> 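One structure follows; several queries about it will come next.
Just so you know, these numbers come straight off a predicted model, no measurement behind them. Note that ligands are numbered from 1 as they come in the structure, with each ligand's atoms numbered from 1 the same way. Counting from 1, the numbers follow the sequence of the chain as shown.
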Amino acid sequence: MKKVSFHTFGCKLNQAETSAIADQFAKEGYQIVEFGEPADVSVIHTCTVTERADQKARQTIRKASKLSPDGKVVVVGCYAQMAPEEISKINGVDLVLGNAEKFRALEFLENLPPLQEIPLVRTNGLYDHSIFQDAKTENTHGHTRAMLKIQDGCDFNCSFCIIPFARGSSKSREYRNIIHQTHTLIQNGYKEIVLTGVNIGYYGYQSGERGALKRLLKDLDEMEGLERIRISSIEPNTVDEEMLEIMANSRTICSHFHLPLQSASDDILQGMKRRYTLKKYQALVEKISQRWTCFGLGTDVIVGFPGETDARFKETYDFIERMPYSYVHVFNYSRRRGTEADGLIDQIPNKVREERSQILRKLAIQKKLNFARRHIGTVEPILVEEKTDQGLQSGFTKDYLKVFIPAREDISNQFVPVQITGTWKEFAVGEIVF
Ligand code: SF4
């Protein structure tokens, strides 16, 4: 039996797509093994939002070719889309596929050209922007929660962002296709689905249906056998009163909001071409706080965007400290060729960006810990996931608190009620209460 391994960088959308590609290999009889084990094929699904992401991808590509010198190395995703020549120069790479071609990896592998024409590079398909690349997932190969791709690409063109270049304009998965896919996932035993995309608030927009995401949420909420729906990340300006109403009245939609902030300085938000002001963002968080007593609130922040003075950075720090965030992802601003912000003159020195990132990361750990502590004494159902090698198992609450419990044989992929008793690192720990 041939073996294939996968390494995925970046967002939940990449994870959803890796699951779909893995599914194709499994159906062709491949055994999926952990990345790091020797394999006949190693697929590296890349991200390119920062220079660091590119760097990590290059290291992983080299590692894959070292681990399996006779195996094929396939590099796909956003970095492959944006820098195919750079990747094809790395020793050991056999195939470089862009965001449209990656779903045909098997087909390309079976028809590899002679050695002198290796690596084979195919990255042009993306430029037919109207085509939604389906990521059909029936089995997520080791993941308890199923990432379901409903949308791709973005029309927002934030000035720092390379994603519209790497994934094209916004496009959506066919409605019936999502419903059908969800039925299949339920039949295959999945209890929680995570709706993923680049800008899922724009789901259905290009076909003129502005309320499509709300309709989808309502329909999914009524599906028998589905116990949780999670929205992976949503642009703040695409969430309105009606959507909050649907979420608050639903049986299954998680009280978990990932609302990218990027900066809490209005000047910087304007420079970034974000589509909200700080006041509007804050008003949204207040509305959420009025409806839910306990909810998870996550965000992404970019540190060191051009023009970010100490005072503007402080605005961001103070805002994050004040807001009820349960986790914060901190990104060091990275110049991306071709983006508008790359041409701005007031770039911040790397040393300053790094220092500010460290400061915010410390605050992020504190926010996470505070969130975990707030749950101590409560009893919450968690959907139990993987075992760790320390005899523990973990799962998430509805509001996205990660809880570790002592491992047991019979509870994987089950909802179990857990009393939160304390914290471990920045996570919660608890005991099952039957
Ligand atoms: S909303 Fe802005 S940051 Fe997010 S993917 Fe679109 S362009 Fe990039």
Side-chain angles (χ1 to χ4, degrees), residues 9-17 45-54 77-79 81-82 98-100 126 129 132-133 135 147 149-173 194-206 210 212-213 231-240 243 257-278 280-281 284 298-308 316 328-344 357:
F9 289 99
C11 58
K12 290 204 163 64
L13 178 56
N14 266 13
Q15 288 175 32
E17 291 174 336
H45 197 169
T46 61
C47 164
T48 191
V49 288
T50 59
E51 168 53 33
R52 204 172 137 70
D54 294 354
C78 291
Y79 180 36
Q81 181 70 49
M82 298 310 295
N99 278 324
L126 182 73
H129 289 321
F132 178 81
Q133 300 296 335
M147 307 288 161
K149 176 180 173 183
I150 65 165
Q151 186 273 344
D152 200 350
C154 187
D155 298 335
F156 277 19
N157 291 312
C158 297
S159 65
F160 57 85
C161 187
I162 193 79
I163 300 300
F165 301 89
R167 285 188 172 269
S169 57
S170 180
K171 46 227 159 221
S172 302
R173 187 172 192 162
V194 183
L195 302 180
T196 63
V198 172
N199 188 346
I200 67 172
Y202 256 43
Y203 174 72
Y205 263 48
Q206 78 282 8
R210 298 207 156 206
L213 181 62
I231 298 173
S232 60
S233 170
I234 190 158
E235 282 297 304
N237 61 306
T238 63
V239 182
D240 61 13
M243 177 154 336
F257 304 82
H258 186 101
L259 305 172
L261 170 71
Q262 310 303 11
S263 169
S265 151
D266 272 328
D267 296 327
I268 297 292
L269 287 175
Q270 216 177 6
M272 287 177 164
K273 299 240 162 98
R274 300 289 288 165
R275 300 189 178 199
Y276 49 84
T277 58
L278 189 65
K280 286 206 170 138
Y281 185 100
L284 176 59
T299 199
D300 302 323
V301 186
I302 293 174
V303 174
F305 182 81
E308 188 190 67
T316 301
V328 180
H329 296 155
V330 180
F331 296 88
N332 193 337
Y333 170 72
S334 195
R335 291 175 83 158
R336 303 279 74 192
R337 214 174 315 127
T339 61
E340 205 181 313
D342 186 34
L344 295 176
S357 295

> Under 3.5 Å, is there a donor-acceptor pair between the side chain of N99 and the main chain of A166?
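Looks like yes, one N/O pair under 3.5 Å.
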> Taking the side chain as everything from C-beta on, heavy atoms only, tell me whether P306 gets closer than 4.5 Å to Y333.
yes
> Just say parallel, tilted or perpendicular for the rings of Y205 and Y202, cut-offs at 30° and 60°.
parallel
> Does one side chain, of R274 or S263, offer a donor that lies under 3.5 Å from an acceptor on the other?
no
> Does T48 reach the main-chain N or O of D54 with its side chain, forming a donor-acceptor pair under 3.5 Å?
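Between the backbone of D54 and the side chain of T48 there is no qualifying donor-acceptor contact (under 3.5 Å).
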> Using a 4.0 Å heavy-atom cut-off, say whether Q262 meets ligand 1 through its side chain, its backbone, both or neither.
neither
> Identify, by atom number and element, the atoms of ligand 1 in contact range of R274, meaning under 4.0 Å from any of its heavy atoms.
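Per the distance check, 1 (S), 2 (Fe), 3 (S).
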> Give the numbers and elements of all ligand 1 atoms closer than 4.0 Å to a heavy atom of F160.
3 (S)
> Within a radius below 2.8 Å of atom 6 (Fe) of ligand 1, how many protein N, O or S atoms are present?
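For atom 6 (Fe) of ligand 1, protein nitrogen, oxygen or sulfur atoms under 2.8 Å: 1.
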> So that I know where these two stand, are F9 and Y79 an aromatic pair - ring centroids less than 6.0 Å apart?
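No.
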> Of K171, R173, R167, which meets salt bridge (charged side-chain N to carboxylate O under 4.0 Å, His left out) against D152?
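Only one of K171, R173, R167 forms a salt bridge (charged side-chain N to carboxylate O under 4.0 Å, His left out) with D152, namely R167.
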